[in-house]
Amino acid sequence: MSIGVLALQGDFREHASVLRSLGAEVELVRRPAELDRVDGLVIPGGESTVMDKLSRAFGMAGPLKDAVRSGMPVYGTCAGLIMLSDTILDGIAGQQTIGGLDITVRRNAFGHQTSSFETDLDVPVFGGKPVHAVFIRAPIVDTIGPGATALATVADGRCVAVEQGNLLGTSFHPEITGEFRFHEYFLQKVSNAAFRA
Ligand code: GLN
């Protein structure tokens, strides 16, 4: 399985290293031809406004939308989750997304004072021990449409992890805490999708 990591901006190296340690072949994706070669894609954390601008400047926005529409499994963390959301609140003027997740996300939803924090989350689809989650200027899933399913919520009930078919998104960063279960869950989606088969 060849897994792409969108490498326009953000913490793509951390994702590449988690995926390699799980046995995946990893390709850093910056161009449409590289996207064509992979079976699934991770969109890292970083800054969604910059990722959006770069994806349009590099001619990647259209191919990314096509890939999502054609069923490619895609996992987005933090800024990556924002990129996968159909609707954004508190985006900058003109900010666009790839879309695919039937959700509305609010950028920087935890405010400036508490913009970074760590907590343990129950993720019922994993069972077992809670996920230790690091939130860095994180978005929240403000509204979930009928197509999407919440996978985890913070203590006040707000959603921070979501899936919809082959799409997976988390407000937090499993790639920096040694938490491999979301990446394993994603790789399972890729092998089930047999996208290029
Ligand atoms: N606040 C950033 C954004 O709006 C996301 C932060 C992150 O990816 N850690 O894109």
Side-chain angles (χ1 to χ4, degrees), residues 1-85 96-101 105 107 131 133-139 151 160-197:
M1 264 181 338
S2 175
I3 308 296
V5 181
L6 189 65
L8 297 173
Q9 191 268 338
D11 74 335
F12 53 87
R13 291 179 194 83
E14 286 76 1
H15 279 286
S17 122
V18 172
L19 291 163
R20 284 195 186 104
S21 72
L22 292 172
E25 188 189 305
V26 175
E27 169 134 36
L28 297 183
V29 170
R30 296 187 177 93
R31 297 193 161 71
E34 292 157 350
L35 183 62
D36 280 345
R37 289 202 288 267
V38 298
D39 302 299
L41 182 75
V42 170
I43 306 181
E47 176 49 55
S48 60
T49 56
V50 178
M51 234 180 261
D52 166 42
K53 283 180 186 156
L54 291 176
S55 67
R56 286 190 272 147
F58 280 54
M60 285 297 286
L64 286 166
K65 284 181 189 158
D66 292 344
V68 166
R69 234 179 269 125
S70 64
M72 181 187 273
V74 185
Y75 172 29
T77 62
C78 203
L81 167 68
I82 296 171
M83 294 295 288
L84 284 177
S85 304
Q96 297 177 22
T97 68
I98 301 161
L101 285 173
V105 287
R107 287 180 64 237
V131 166
V134 173
F135 293 80
I136 304 167
R137 294 182 304 112
L151 296 179
V160 289
V162 67
E163 73 177 333
Q164 179 170 352
N166 285 333
L167 303 180
L168 177 66
T170 57
S171 299
F172 49 91
H173 293 270
E175 72 279 10
I176 62 172
T177 53
E179 168 59 63
F180 288 2
R181 286 174 288 175
F182 279 97
H183 291 81
E184 282 167 346
Y185 192 70
F186 172 65
L187 291 177
Q188 198 56 55
K189 282 188 189 294
V190 179
S191 72
N192 293 345
F195 177 76
R196 303 264 170 221

Peer 1: If I compare all heavy atoms of Ala24 with all of Leu187, which pair ends up nearest, and what's the gap?
Peer 2: CB-CD2, 4.3 Å

Peer 1: Shortest non-hydrogen contact from Ala193 to Asn166?
Peer 2: CB-ND2, 3.9 Å

Peer 1: Cut-off 3.5 Å, no hydrogens considered: what does the side-chain donor-acceptor table look like for residues 170-177, sequence neighbours left out?
Peer 2:
from   : atom 1 : to     : atom 2 : distance (Å)
Thr170 : OG1    : Tyr75  : OH     : 3.0
Thr170 : OG1    : Phe172 : O      : 3.1
Ser171 : OG     : Pro139 : O      : 2.8
Ser171 : OG     : Val160 : O      : 3.4
His173 : ND1    : Glu175 : OE2    : 2.7
Glu175 : OE1    : His15  : NE2    : 3.4
Glu175 : OE2    : His15  : NE2    : 3.4
Thr177 : OG1    : Pro174 : O      : 3.3

Peer 1: Counting C-beta onward and ignoring hydrogens, is there a side-chain heavy-atom pair between Val42 and Leu19 closer than 4.5 Å?
Peer 2: yes

Peer 1: Could you pull out the closest heavy-atom pair between Leu151 and Tyr185, with the gap in Å?
Peer 2: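 Here Leu151 and Tyr185 meet closest at CD1-CE2, 4.3 Å.
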
Peer 1: Return the CG to CD distance between Leu41 and Glu34, rounded to the nearest 0.5 Å.
Peer 2: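 One gets 11.0 Å once the value is rounded to the nearest 0.5 Å.
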
Peer 1: Is the charged tip of Arg181 near the ring of Phe186: under 6.0 Å from the six-membered ring centre and within 45° of its axis?
Peer 2: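 Judged by the rule (NZ or CZ under 6.0 Å from the ring centre, within 45° of its axis), Arg181 is not positioned above Phe186.
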
Peer 1: Can you confirm whether Ser191 sits close enough to Met1 that some side-chain heavy atom of one is under 4.5 Å from a side-chain heavy atom of the other?
Peer 2: yes

Peer 1: At what distance, to the nearest 0.5 angstrom, does CD of Glu14 lie from CZ of Phe12?
Peer 2: 9.0 Å

Peer 1: Counting neighbours of CD on Glu25 that are heavy atoms of other residues, nucleotides or ligands and sit closer than 6.0 Å, is the number greater than 12?
Peer 2: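 Not more than 12 within 6.0 Å, no.
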
Peer 1: Given side chains that start at C-beta, do those of Val38 and Met72 come closer than 4.5 Å, heavy atoms only?
Peer 2: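 Yes, close enough: below the 4.5 Å cut-off.
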
Peer 1: With sequence neighbours excluded, give me every salt bridge (Lys or Arg N to Asp or Glu O under 4.0 Å) pair touching residues 41-69.
Peer 2: Glu47-Arg107, Glu47-Arg137, Asp52-Arg56, Asp66-Arg69

Peer 1: Say whether, by atom type as modelled, one donor and one acceptor occur between the side chain of Asp11 and the main chain of Pro44 under 3.5 angstrom.
Peer 2: no

Peer 1: Could you walk me through whether Val105 and Thr97 satisfy the side-chain contact (heavy atoms from CB on, under 4.5 Å) test, starting with their C-alpha distance in whole Å, then the side-chain angles of each, then the deciding distance to 0.1 Å, before giving a yes or no?
Peer 2: CA-CA 11 Å; Val105 287; Thr97 68; over 6 Å; no

Peer 1: State, with a plain yes or no, whether a side-chain heavy atom of Ile3 is found less than 4.5 Å away from one of Glu27.
Peer 2: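 Side-chain contact under 4.5 Å: no.
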
Peer 1: What is the minimum heavy-atom distance between Gly46 and Ala79, and which atoms define it?
Peer 2: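 Minimum heavy-atom separation between Gly46 and Ala79: N-CB, 3.5 Å.
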
Peer 1: Let's go through Ile43 and Val74 carefully: what are the C-alpha distance in whole Å and the side-chain angles of both, what is the deciding distance for side-chain contact (heavy atoms from CB on, under 4.5 Å) to 0.1 Å, and is it a yes or a no?
Peer 2: CA-CA 7 Å; Ile43 306 181; Val74 185; 3.8 Å; yes

Peer 1: Applying side-chain hydrogen bond (donor to acceptor under 3.5 Å, both in side chains), name anything that partners Lys189, two or more places apart in sequence or on another chain.
Peer 2: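 side-chain hydrogen bond (donor to acceptor under 3.5 Å, both in side chains) check on Lys189 returns Glu163.
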
Peer 1: Test Met60 against Leu35 for side-chain contact (heavy atoms from CB on, under 4.5 Å), laying out the working first.
Peer 2: CA-CA 9 Å; Met60 285 297 286; Leu35 183 62; 4.2 Å; yes

Peer 1: Minimum heavy-atom separation for Leu8 and Met51, please, with both atom names.
Peer 2: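 Smallest interatomic distance, heavy atoms only, reads CD1-O, 4.2 Å.
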
Peer 1: Does any non-hydrogen side-chain atom of Leu84 lie less than 4.5 Å from one of Val68?
Peer 2: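 Yes. Closest side-chain heavy atoms under 4.5 Å.
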
Peer 1: How long is the gap from CZ on Arg30 to CZ on Phe58, to the nearest 0.5 Å?
Peer 2: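 Here the interatomic distance stands at 8.0 Å.
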
Peer 1: Using every non-hydrogen atom in the two residues, find where Ser55 and Leu64 come nearest and quote the distance to one decimal.
Peer 2: CB-CD1, 4.2 Å

Peer 1: Nearest 0.5 Å please: distance from the OG atom of Ser48 over to the CE atom of Met83.
Peer 2: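 So the gap between those two atoms works out to 7.5 Å.
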
